[in-house]
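Position 1 is the first residue of the sequence; numbering continues from there. On a predicted model such as this, the values are computed, not experimentally measured, just so you know.
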Amino acid sequence: MDPVFGQLSFDDHEQIVFCNDKDTGLKAIIGIHNSVMGPALGGTRMWNYNTEWEALNDVLRLSRGMTYKSAITGLNIGGGKAVIIGDAKTQKTPELMRKFGEFVHSLSGRYITAEDVGMETKDMDTVRDVTPYVTGISEERGGSGNPSPVTAYGVYLGMKAAAKSQFGSDVLDGKKVLVQGIGHVGETLVEYLTKEGAQVTITDINEEKLYQVASKYNASIYTGEDLYTADVDIYAPCAMGATINDATIEKIKAKVIAGAANNQLADENVHGQRLKDRGILYAPDFLINAGGIINVYAELEHYGKAEIMAKTENIYNTTLEIIDYAAKNGITTHKAALTIAQNRIDQRKIENASK
């Protein structure tokens with residue numbers, strides 16, 4: 001199979017940029033999937049990938065997801081993403097981030113970056129020193145700040161919508177919820193769930209953070225051997241993607257899957273259908289985790305916190321609409337969300353061609 005164009009994850013990407021700088025050690029890939037709706041907007045992830053192919057596949061899947069995330073949310077922006085290969089804790093430097101910013105700038109606005117895994121708001125401020133094509137900068141510099149709390153709020157609302165459809169009520173009081181991954185978004189989601197009275201169980205590879213969050217919110221720590229067999233009502237994947245795969249899907253006991261992680265389905269067609277067959281309701285990740293992109297998009301459109309929250313709150317209604325559309329058409333919720341998003345992109349393409 002061809003290494004790039006022949007890959008399933010390539011999915012007609014418009015542009016892939018490989019960035020390398022010997023002096024700073026920067027090795028990055030920028031993926032621009034689709035710019036029909038506008039410039040490609042999506043965060044930068046710094047991760048210690050096992051192979052360069054793993055990094056390429058990740059950026060391709062993530063940038064494609066951003067296209068549909070923006071379209072389903074009603075934003076006039078395209079889909080893109082960037083990954084930096086390396087350990088964010090030990091290899092990230094201001095010099096490396098500035099050099100990355102120079103590569104972003106060289107694309108003349110076709111790609112606009114933002115914060116993702118391994119990044120902080122201060123890193124986006126550093127990138128802003130060399131290019132205007134960055135969002136999610138600090139409020140002190142006129143930006144919208146850390147998008148994680150808004151992302152978590154959207155996931156929480158999407159979860160409530162899925163619960164309403166699956167259980168007959170969106171009240172999460174007493175519901176058993178397993179949150180996998182308690183980074184910036186996961187921890188805030190735990191806070192929302194705890195305040196509503198959900199029975200929250202958490203798991204994370206960072207044991208220090210695990211005990212800290214458990215103590216702070218009185219959450220339980222998962223101690224079993226296989227978290228996918230946990231006896232819970234709702235499974236919330238908030239770490240890396242593809243946790244719903246051939247090895248895990250038959251074990252899952254939860255009746256709702258709603259989390260912040262991108263690309264939760266290892267194979268969106270196979271595993272989306274299997275969840276449907278098993279009666280497990282999946283809230284499409286690129287829909288319910290769109291709060292972050294709504295937050296940073298505000299910097300481009302110059303709207304304030306009130307409109308950010310209003311757009312994010314609409315994730316609840318859109319999730320219900322997607323679930324209803326899927327049921328009426330006998331398709332998976334993932335397919336339903338993709339279809340509606342693609343229809344919007346196709347309509348814009350026709351409009352652009354007629355101008």
Side-chain angles (χ1 to χ4, degrees), residues 4-19 29-44 56 59-82 103-114 116 131-136 144 147 154 262-263 268 284-303 307-308 310-312 314-315 317-319 321-322 325-326 329 331 334-355:
V4 178
F5 294 103
Q7 297 298 329
L8 181 64
S9 56
F10 179 72
D11 191 56
D12 294 321
H13 272 70
E14 294 177 3
Q15 189 174 3
I16 302 169
V17 182
F18 293 87
C19 314
I29 310 171
I30 299 172
I32 298 174
H33 177 251
N34 189 292
S35 60
V36 170
M37 301 300 298
L41 173 61
T44 295
L56 175 60
V59 77
L60 291 173
R61 283 168 57 87
L62 289 166
S63 53
R64 175 179 180 265
M66 292 306 300
T67 293
Y68 296 114
K69 181 182 300 190
S70 296
I72 196 70
T73 314
L75 307 181
N76 294 318
I77 205 78
K81 204 80 174 186
F103 279 107
V104 171
H105 192 69
S106 72
L107 294 170
S108 303
R110 273 183 55 75
Y111 169 65
I112 302 168
T113 196
D116 200 344
T131 182
Y133 304 122
V134 56
T135 56
S144 56
N262 288 301
N263 302 317
E268 61 189 50
D285 49 35
F286 64 86
L287 166 60
I288 71 169
N289 70 10
I293 197 74
I294 291 169
N295 189 71
V296 296
Y297 182 66
E299 294 180 28
L300 305 181
E301 293 297 307
H302 308 292
Y303 57 77
E307 190 166 351
I308 288 172
K311 288 180 181 293
T312 303
N314 197 48
I315 288 174
N317 295 324
T318 306
T319 303
E321 289 168 11
I322 293 297
Y325 183 91
N329 290 276
I331 58 177
H334 186 86
K335 179 65 175 175
L338 279 181
T339 300
I340 292 173
Q342 188 63 55
N343 288 345
R344 184 166 185 257
I345 294 168
D346 292 343
Q347 182 59 39
R348 177 59 62 85
K349 197 170 185 178
I350 293 170
E351 293 170 2
N352 291 345
S354 64
K355 289 181 180 177

Q: Does the Lys NZ or Arg CZ of Lys311 fall within the cation-pi geometry relative to Tyr303 - under 6.0 Å from the ring centre and within 45° of the axis?
A: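 The answer is yes; both the distance and angle limits are met.
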
Q: Please walk me through it: do Arg348 and Ile345 pass side chain to side chain contact (heavy atoms under 4.5 Å, CB included)?
A: CA-CA 5 Å; Arg348 177 59 62 85; Ile345 294 168; 5.8 Å; no

Q: Does the pair Tyr325 and Ile340 meet the rule for a side chain to side chain contact (heavy atoms under 4.5 Å, CB included), with working shown?
A: CA-CA 9 Å; Tyr325 183 91; Ile340 292 173; 4.1 Å; yes

Q: Rounded to the nearest 0.5 Å, how far apart are OG of Ser106 and OH of Tyr111?
A: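 It comes to 12.0 Å.
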
Q: How many angstroms lie between CG in Asn34 and CD in Gln15, if you round to the nearest 0.5 Å?
A: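 Between Asn34 CG and Gln15 CD, I get 13.0 Å after rounding to 0.5 Å.
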
Q: Knowing that exactly one of Asp116, Ile294, Val296, Ile308 qualifies, which makes a side chain to side chain contact (heavy atoms under 4.5 Å, CB included) with Pro147?
A: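 When side chain to side chain contact (heavy atoms under 4.5 Å, CB included) is applied between Pro147 and each of Asp116, Ile294, Val296, Ile308, only Val296 qualifies.
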
Q: Can you tell me if Glu321 and Asn317 form a side-chain donor-acceptor pair at under 3.5 Å?
A: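 Judged by distance alone, the side chains do not pair up.
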
Q: Do the side chain of Thr135 and the main chain of Thr113 share a donor and acceptor less than 3.5 angstrom apart?
A: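 Here the side-chain-to-backbone pair exists.
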
Q: Do you know the tightest heavy-atom contact between Pro284 and Ile322?
A: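 Heavy atoms only, the tightest pair is CG-CG2, 4.2 Å.
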
Q: Answer yes or no: is there a side-chain heavy-atom contact under 4.5 Å between Phe103 and Thr131?
A: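 Counting from C-beta outward, Phe103 and Thr131 never come under 4.5 Å.
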
Q: Mind checking whether Ile77 and Met37 have side chains closer than 4.5 Å, heavy atoms only?
A: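 No, their side chains stay 4.5 Å or more apart.
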
Q: Assess the side chains of Asn329 and Lys335: does a donor N or O sit below 3.5 Å from an acceptor N or O?
A: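 Per modelled atom types, Asn329 and Lys335 side chains form no pair under 3.5 Å.
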
Q: Taking C-beta and beyond as the side chain, do Val134 and Val104 meet within less than 4.5 Å on heavy atoms?
A: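 They are not in contact (no side-chain heavy atoms under 4.5 Å apart), so the answer is no.
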
Q: Are the side chains of His334 and Leu338 in touch, meaning some heavy atoms are under 4.5 Å apart?
A: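 Of all side-chain heavy-atom pairs linking Leu338 with His334, at least one is under 4.5 Å.
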
Q: Does Arg64 come within less than 4.0 Å of Glu268, counting only side-chain N to carboxylate O?
A: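 So Arg64 pairs with Glu268 through a salt bridge.
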
Q: Kindly compute the distance separating OH (Tyr133) from CG (Leu300), expressed to the nearest 0.5 Å.
A: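 Between atom OH of Tyr133 and atom CG of Leu300 there are 11.5 Å.
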
Q: Does any part of the side chain of Leu62, heavy atoms only, come nearer than 4.5 Å to the side chain of Val59, both counted from C-beta?
A: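 Heavy-atom side-chain distance check fails, nothing below 4.5 Å.
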
Q: Compute whether any side-chain donor of one residue and acceptor of the other, for Ser63 and His33, lie under 3.5 angstrom apart.
A: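 The criterion, which ignores hydrogens and geometry beyond distance, is not satisfied for His33 and Ser63.
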
Q: Any chance you could measure Ile32, atom CD1, to Met66, atom CE, to the nearest 0.5 Å?
A: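 Output value for this atom pair is 13.0 Å.
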
Q: Just wondering, do Cys19 and Ile29 contact through their side chains at under 4.5 Å, heavy atoms?
A: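 Side-chain contact under 4.5 Å: no.
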
Q: Could you grab the distance from atom CD of Glu14 to atom OG1 of Thr67, nearest 0.5 Å is fine?
A: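 If I round to the nearest 0.5 Å, the distance is 8.0 Å.
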
Q: Which heavy atom of Ala71 sits nearest to which heavy atom of Arg344, and what is that distance?
A: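 Reported closest heavy-atom pair: O-CD, 3.4 Å.
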
Q: Testing the basics here: between Ile288 and Ile315, what is the closest heavy-atom pair and its distance to 0.1 Å?
A: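 Closest heavy-atom pair between Ile288 and Ile315: CA-CG2, 3.8 Å.
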
Q: Show the nearest heavy-atom pair for residues Glu299 and Gly136, with the distance to one decimal.
A: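 Smallest interatomic distance, heavy atoms only, reads OE2-N, 2.7 Å.
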
Q: In the structure I gave you, are the side-chain heavy atoms of Leu41 and Leu75 within less than 4.5 Å of one another anywhere?
A: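 Result no, sub-4.5 Å side-chain heavy-atom pair not found.
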
Q: What's the separation between atom OG1 in Thr73 and atom CZ in Phe286, rounded to the nearest 0.5 Å?
A: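 Here the rounded value is 9.0 Å.
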
Q: Looking only at heavy atoms, which two atoms of Gly42 and Lys81 are closest? And how far apart?
A: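 In this case the closest contact between Gly42 and Lys81 is C-CD, 4.2 Å.
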
Q: Would you say Arg61 and Asn262 make side-chain contact, with heavy atoms under 4.5 Å?
A: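 Result no, sub-4.5 Å side-chain heavy-atom pair not found.
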
